[in-house]
Amino acid sequence: MNGYSLFRRSRLRLALWYAGVMGVILSVSGLGMYRAMVQTNWAAMEREIESIAGTLHDSVEPLLPASEEPTAVLQQIFPDLCLSGQPCKATPTLIQRHTIGISDRTTYYIRLFNHQGKLLAFSPNQPLSLPPTLNRSSWQTFRTANGIRYHQFTTILHSANTHHLANEANSSWGYLQIGRTLEHFDAEIRRIQWIMAIGLPIALSLVATSSWWLSGLAMQPIYQSYQQQQQFTANAAHELRSPLASLLATVEAILRIPQSNQQDMQIMLHSVERQGRRLSHLIADLLLLTSLEQNSGAKPFQPCCLNDLVSDLTEEFLELATAADINLKSQIPTCEVYTLGNESQLYRLVSNLIANAIQYTPRGGYVTVSLVKSDYTAVITVKDTGIGIGLADQERIFERFYRVDGDRSRKTGGTGLGLAIAVAIAQKHQAILKVESQVGKGSIFTLEMKVLSSSILTN
Ligand code: ADP
């Protein structure tokens with residue numbers, strides 16, 4: 001499987017996981033909200049029915065007759081109710097009188113039963129299919145033949161004459177039943193269900209799209225780093241192949257030389273040694289770069305004297321500079337400048353810069369290494385009057401294996417990893433490594449890092 005399809009599959013899997021988790025969260029919270037909404041509306045509706053029932057109950061109870069056959073009296077109290085077993089005129093106004101303040105009064109109906117559960121009176125808008133018998137449970141929900149649901153509440157009535165017996169068995173005068181159609185309630189619920197049925201798939205498809213986009217964003221840096229890694233491996237293999245090939249060719253040539261020709265043999269063995277050293281140098285650089293990135297085996301940072309670092313390195317490179325006919329100088333302040341870091345890594349960084357400056361400066365040129373301290377920072381500058389670096393190359397010289405002039409650099413023993421190592425060390429020390437250069441005039445490499453305050457040093 002190639003890298004691209006591996007990343008595509010990982011992206012797809014990540015997107016599916018995102019979408020799945022988000023989808024479950026969205027669905028569960030949507031359903032939770034739906035249930036909460038239904039329950040709130042249902043409770044509000046029951047409260048409304050109870051409050052109407054209470055109002056009716058309180059206003060009707062004092063007027064109730066004690067008689068067993070109360071039809072005549074009931075007709076006086078409830079002129080708008082239909083009496084059981086008598087013809088009914090359909091002008092329901094009583095319930096309207098008692099339900100002032102309720103938005104839709106026609107949705108309510110009332111029924112009156114005697115204490116044996118026999119229907120005495122009812123409002124004309126009661127559901128037609130309602131049985132004339134009493135169901136004594138307080139709350140009932142039922143559905144009529146035409147599919148409309150009703151919800152009703154039943155409460156006990158006591159007449160003025162039976163009121164004092166309220167707690168005794170069979171002390172009730174009868175029952176008041178008040179109910180309402182659930183048509184509007186069900187319509188509202190259906191509307192919410194439709195919104196959810198349409199909205200949820202839309203939301204889920206939006207989640208799926210954004211998951212795909214987000215997983216793409218998440219995979220991007222990993223893909224880039226994978227590509228860089230692949231490029232690095234290819235470059236490393238290429239860099240190793242050339243010296244190895246020439247080393248093998250030299251060894252083959254040695255094997256073909258007759259034993260007697262010792263002088264040629266010596267020259268070739270020197271060449272083998274050179275190639276071997278180059279290989280070992282390259283492998284050491286690669287290992288150093290890897291350990292810098294992995295931060296493995298790193299020693300804890302310690303105070304490092306930058307004055308010593310600059311003077312030691314200038315001294316060390318003096319011989320090389322003299323041999324190349326280059327004037328190497330250093331400028332160091334009198335006060336000591338300390339930074340917190342790994343001394344050998346900082347030596348490696350600055351020595352790379354000085355070695356490059358000497359390498360890329362023609363004979364008779366100048367290389368100056370200076371150290372300047374400000375309040376919080378120390379700046380080491382390596383300035384040369386060498387060949388300089390073009391603007392486009394300045395952005396790339398810190399990449400691994402990048403060389404402005406590959407052949408020239410290889411001839412001088414460069415691996416193309418020097419500045420990549422320098423930048424990795426600088427990053428580890430939270431330092432900034434910059435270059436300014438002009439082709440034909442020279443280059444200035446600056447390393448800016450934090451200084452260690454003298455109070456920390458004295459403690
Ligand atoms: P190398 O080992 O090839 O020197 P580096 O990473 O140290 O690799 O440098 C990368 C490239 O940057 C070099 O090949 C060279 O072309 C350019 N370079 C670095 N320092 C200088 C400098 N002081 N003057 C001109 N070119 C430089």
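When a ligand or atom number is given, it counts from 1 through the structure's own listing order.
F153 and W139 have tilted rings, their planes meeting at an angle from 30° to 60° on a 0 to 90° scale.
Taking the ring centroids of Y109 and F122, they lie at or beyond the 6.0 Å cut-off.
Judged by the shortest distance from any of its heavy atoms, G386 lies outside the 4.0 Å radius around the atoms of ligand 1. By the 4.0 Å heavy-atom criterion, F445 is counted among the residues contacting ligand 1.
Taking a cut-off of under 4.0 Å to the non-hydrogen atoms of A357, the atoms of ligand 1 that pass are 23 (N). Less than 4.0 angstrom separates some heavy atom of G418 from each of these atoms of ligand 1: 5 (P), 6 (O), 7 (O). Those atoms of ligand 1 with a heavy atom of Y402 less than 4.0 angstrom away are 10 (C), 11 (C). In the vicinity of R403, heavy-atom distances shorter than 4.0 Å reach the ligand 1 atoms 3 (O), 14 (O).
When non-hydrogen atoms are compared, ligand 1 lies under 4.0 Å from the side chain of D384 (C-beta onward) but not from its backbone. When non-hydrogen atoms are compared, ligand 1 lies under 4.0 Å from the side chain of I389 (C-beta onward) but not from its backbone.
Remark: side-chain polar atoms of Q275 are not paired, donor with acceptor, to backbone N or O of L244 under 3.5 angstrom. Judged purely by atom type and a 3.5 angstrom limit, N307 uses its side chain to pair as donor or acceptor with the backbone of C335.
Residue pairs satisfying the ring-ring contact (aromatic ring centres under 6.0 Å, His included) criterion with at least one member in residues 362-402, sequence neighbours excluded, are listed as follows: F232-F401. Residue pairs meeting the ring-ring contact (aromatic ring centres under 6.0 Å, His included) criterion with at least one partner in residues 307-328, sequence neighbours excluded, are absent.
Surrounding CZ of R149 are more than 12 heavy atoms belonging to other residues, nucleotides or ligands, all under 6.0 Å away.
Considering backbone and side-chain N/O atoms, G416 comes within less than 3.5 Å of an N/O atom of ligand 1. Close N/O approach between L419 and ligand 1 is found [any backbone or side-chain N/O within under 3.5 Å].
Between V423, V404, L282, it is V404 that holds the heavy atom closest to atom 16 (O) of ligand 1.
In this structure, E239 pairs ionically with R403, as a charged nitrogen and a carboxylate oxygen lie closer than 4.0 Å.
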